[in-house]
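The structure appears below as structure tokens.
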Amino acid sequence: MEYTNLQIELQEGILLVTINREKALNALNAQTITELEHFFSKDAPQRKDYHGIILTGAGQKSFVAGADIKEFLELEGDQGMEMGRRGQNVFFLIERFPKPVIAAVNGFALGGGCELAMACHLRIAGENARFGQPEVNLGIVPGYGGTQRLIQYIGKSKATELLLTGDMIGAEEAYQLGLVNHVVPSGEEVKKAKSILSKIAQKGPIAIAAIIASINAYFQHDADGFERELQAFRQTTQTEDFREGAGAFIEKRKANFRGK
Ligand code: COA
């Protein structure tokens, strides 16, 4: 596949994958999700020339500022459900990937960006990183696993506050809450991720894959919270409040929600 929104480079036995839509703060549009899906399901599993993956965003301002809100406005009927399921499945591919995947978070990690960072096995934040799930400001819920993984990382109490308020937190607070593994000076996220991956590269790859699979097994519960989130995403992408919230973002004004 020809990648247009992903830039993939082999550096020192590591695949550095850069989401390359800087003008839109690297927002995840449908094309970018397709490319991530192709990379994690086809290219990366076939290649033998690397031992780990780093995901980052182009530029110095943003890792990923969310799903692409401009595409949201075109969603009709059950398309919200389809979009959410597709994104969730791509993020499961990342979470279940047998080689280590590290997010180098170089700025905003909001909405789908925070969800993408949480699907990675480890997160390195630059000092300017900002995390949050601001979907509630648009009148919807996170649809790429945010309601589930945020609780897994930082616990129910703080996760509930962030999900209900849409507030952002900085790198230091994210570190204290356990959302990120390390905070480094801005611009050094990839360097730190590489040094962790080179340490992991000295271990046995079968053990590494088995540890990743075992950790994931811990979170497989009977009640399917991911499915519940998809139902909520479908429901909220069909409301007038959602059109108002996403429209207000694009028109750069405050949203006026009416509960419809
Ligand atoms: N989807 C689509 N476009 C986005 C985007 C998104 N999630 N986030 C940012 N952009 C675009 C903006 O529309 C703007 O485009 P324009 O220049 O054509 O108007 C450009 O990226 C720069 O963003 P801007 O808002 O001007 O930058 P800022 O520094 O003032 O604010 C943010 C940065 C991240 C705080 C702000 O862009 C934001 O709130 N983004 C949305 C975050 C969000 O709600 N994500 C969850 C989506 S589910």
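Numbering of residues begins at 1 and proceeds along the displayed sequence. Only this structure's heavy atoms are used, side chains among them; waters, hydrogens and symmetry mates stay out.
The pair Lys70-Asp68 does not count as a salt bridge, with every side-chain nitrogen at least 4.0 angstrom from each carboxylate oxygen. Salt-bridge annotation for Glu240 and Arg258: present, with a side-chain N of the basic residue lying under 4.0 Å from a carboxylate O of the acidic one. Electrostatic pairing of Arg253 and Glu244 counts as a salt bridge here, judged by a charged N lying under 4.0 Å from a carboxylate O. Ionic pairing of Glu229 and Arg234 is not present here: no N-O contact between side-chain nitrogen and carboxylate oxygen is shorter than 4.0 angstrom. Ionic pairing of Arg123 and Glu189 is not present here: no N-O contact between side-chain nitrogen and carboxylate oxygen is shorter than 4.0 angstrom.
Judged purely by atom type and a 3.5 angstrom limit, Glu95 has no side-chain atom pairing as donor or acceptor with the backbone of Cys120.
A cation-pi arrangement, defined by a distance under 6.0 Å to the six-membered ring centre and an angle within 45 degrees of its axis, is absent between Lys61 and Phe108. Cation-pi geometry between Arg96 and Phe40 is not satisfied (NZ or CZ under 6.0 Å from the ring centre, within 45° of the ring normal).
Residues Phe131 and Leu179 have side chains in contact (heavy-atom distance under 4.5 Å, counting atoms from C-beta outward).
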| request: Test salt bridge (Lys or Arg N to Asp or Glu O under 4.0 Å) on Glu161 and Lys158 and set out the steps. | output: CA-CA 5 Å; Glu161 181 185 340; Lys158 197 68 190 177; 3.4 Å; yes

Could you go through the ring pair (Phe, Tyr, Trp, His ring centres under 6.0 Å) check for Phe72 and Phe242 one step at a time?
-> CA-CA 9 Å; Phe72 271 13; Phe242 164 56; 5.7 Å; yes

Before giving the answer on side chain to side chain donor-acceptor pair (under 3.5 Å), spell out for Asp43 and Tyr3 the whole-Å C-alpha distance, their side-chain angles and the decisive distance to 0.1 Å. CA-CA 11 Å; Asp43 283 350; Tyr3 293 102; 2.4 Å; yes

Apply the test side chain to side chain donor-acceptor pair (under 3.5 Å) to residues Glu35 and Gln31: give CA-CA distance (whole Å), side-chain angles for both, the deciding distance (0.1 Å), then the verdict.
CA-CA 6 Å; Glu35 293 184 18; Gln31 175 63 23; 2.6 Å; yes

Take Asn128 and Ser186 through the test side chain to side chain donor-acceptor pair (under 3.5 Å) and record every step on the way to the result. CA-CA 6 Å; Asn128 70 334; Ser186 294; 3.2 Å; yes

Could you walk me through whether Arg228 and Thr147 pass the side chain to side chain donor-acceptor pair (under 3.5 Å) check?
CA-CA 10 Å; Arg228 181 65 194 83; Thr147 63; over 6 Å; no

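Note: the hydrophobic cluster containing Val183 also contains Tyr153 (ILVMFWY, side chain heavy atoms under 4.5 Å, direct or indirect links).
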